[in-house]
Protein chains: 2
Amino acid sequence: MSPRRKPNLKARPLQVHAPVFAALGDEMRLRLITALCVGGAMSITQLTSGTDISRQAITKHLSVLAAAGLVRDVRRGRERLWEFEPTQLEETRRSLELIGRQWEHALAKLKFAVESNPH
Amino acid sequence: MSPRRKPNLKARPLQVHAPVFAALGDEMRLRLITALCVGGAMSITQLTSGTDISRQAITKHLSVLAAAGLVRDVRRGRERLWEFEPTQLEETRRSLELIGRQWEHALAKLKFAVESNPH
DNA sequence: TGTAAATGCAACCTACCGGTTGCATACACG
DNA sequence: CGTGTATGCAACCGGTAGGTTGCATTTACA
């Protein structure tokens, strides 16, 4: 018997991560994530300054990121601070890792089949 | 001195991965990737059967994935086989990993600042 | 050689996405 | 209490993404 890999019990289909990938699929939103990640929690106006688009556009981007669970907001006085929320990103990253492993596994199986039936 | 982390020399900004994330941000395309990954190279018609959308739609999705470097095609006779191309996906996965680490690093720095200036 | 299968090309349509502008609202602070 | 700052809400707009349909082209094979 070939050494059997431990089955991944909570193997949710990759498709469930589509909204997260879609949220990440925009340069400006990736910049926002980076900013929040290295700079800590920031307000909308803070995030807007330094960009060349309007505050409303930034607000929309933050909404998309929040809907995907990548950031969350916390009210403080009259301002609304946004902060990076690492859990969802990490989970999505692991799903990519899993795909890579499945690929290696498929390759190994193919190689085995070829070797055991060369002609 | 706190133990300094080895600087990541080829630290391309996260934004360069936006097209890859955008390509991954669609359920159907994630299904296609999964299919190619576990099932090996497949033709367009093979990939179309089992879905409820047209062959042309599948072709477009494959083009998007190919443009992002996630799949590649190889002609064989009158059919065109598509196969998963793991390199780009792995690189993108590592960029997510990096973000997570930057976040942890920022947290640690914040904690240090708070502890060394408690009042 | 003729025919059906696999694919390519192009036009078209609709919905949504990223962005703007204008105005309303909440609230810190002198 | 008034004023400026930070934000919310909604309408609007152009472009493009995702899908379809129709027809042309290539090629395996009887």
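Each chain gets a letter, A, B and so on, in the order its sequence line appears, and its residues count up from 1.
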- Message: Quick check for you: among dT7(C), dG18(D), dC9(C), whose closest atom lies nearest to any side-chain atom of D26(B)?
- Response: dG18(D)

- Note on the structure: By nearest-heavy-atom nucleotide on DNA chain D, the more 5' of R75(A) and K60(A) is R75(A)

- Tell me: CZ of R76(A) to P of dC27(C), nearest whole Å? 15 Å

- I53(B) side chain: which of dG8(D), dT20(C), dT20(D) is closest? dT20(D)

- Query: Counting side-chain heavy atoms from CB outward, which of dT20(D), dT7(C), dT7(D) is closest to S43(B)?
  - Reply: dT7(C)

- Between F84(A) and W103(B), what is the ring plane arrangement, given parallel below 30°, perpendicular above 60°, and tilted in between? perpendicular

- Query: How many Å lie between CG on D73(A) and C1' on dA6(D), as a whole number?
  - Reply: 14 Å

- Note on the structure: Considering only heavy side-chain atoms of I44(A), the closest of dG8(D), dG19(C), dT20(D) is dG8(D)

- In terms of side-chain heavy atoms of S54(A), which of dG19(D), dT20(C), dT7(C) is nearest? dT20(C)

- Query: Are any of H61(B)'s side-chain N or O atoms less than 4.0 Å away from OP1 or OP2 of dA17(D)?
  - Reply: no

- Message: With a 4.0 Å cut-off on N to O distance, would you call E97(B) and R94(B) a salt bridge?
- Response: no

- Item | Below 4.0 Å: OP1/OP2 of dG18(C) and any side-chain N or O of R29(A) | yes

- Message: In whole Å, I'd like the distance from the CZ atom of R78(A) to the C1' atom of dA6(D).
- Response: 6 Å

- Nucleotide of dA6(C), dG19(C), dG22(D) approaching A57(A) most closely (side-chain heavy atoms): dG19(C)

- For C37(B) and A106(A), work out which heavy atoms get closest and say how close. O-CB, 3.4 Å

- Within this structure, what is the CZ-to-C1' distance between F21(B) and dA17(D), rounded to whole angstrom? 20 Å

- Would you mind reading off the distance between L65(B) atom CG and dA17(D) atom C1', rounded to a whole angstrom? 14 Å

- Message: Measuring from the side chain of R80(B) (C-beta onward, heavy atoms only), which nucleotide among dA6(D), dT7(C), dC9(D) has the closest atom?
- Response: dT7(C)

- Item | Gap between atoms CG and C1', on L47(A) and dA6(D) respectively (whole Å) | 13 Å

- Message: Strictly below 4.0 Å: does T45(B) bring a side-chain N or O up to OP1 or OP2 of dA5(C)?
- Response: no

- Task: Would you indicate whether the side-chain heavy atoms of T59(A) and T48(A) approach each other to under 4.5 Å?
- Result: no

- Short N-O contact, E90(B) and R93(B), less than 4.0 angstrom: yes

- Task: Please tell me which of the listed nucleotides, dG19(D), dG8(D), dT7(C), lies nearest to the side chain of R55(B)?
- Result: dT7(C)

- Scan Q56(B) against the nucleic acid and name what it touches under 4.0 Å (heavy atoms): base, sugar-phosphate only, or nothing. base

- Message: Distance check needed: dG18(C) P versus L62(A) CG, whole Å only.
- Response: 13 Å

- Rounded to whole Å, CD1 of I58(A) lies from P of dG18(C) at a distance of 12 Å

- Task: With the side chain counted from C-beta on, respond yes when D26(A) and H61(A) share a heavy-atom pair under 4.5 Å apart, and no when they do not.
- Result: yes

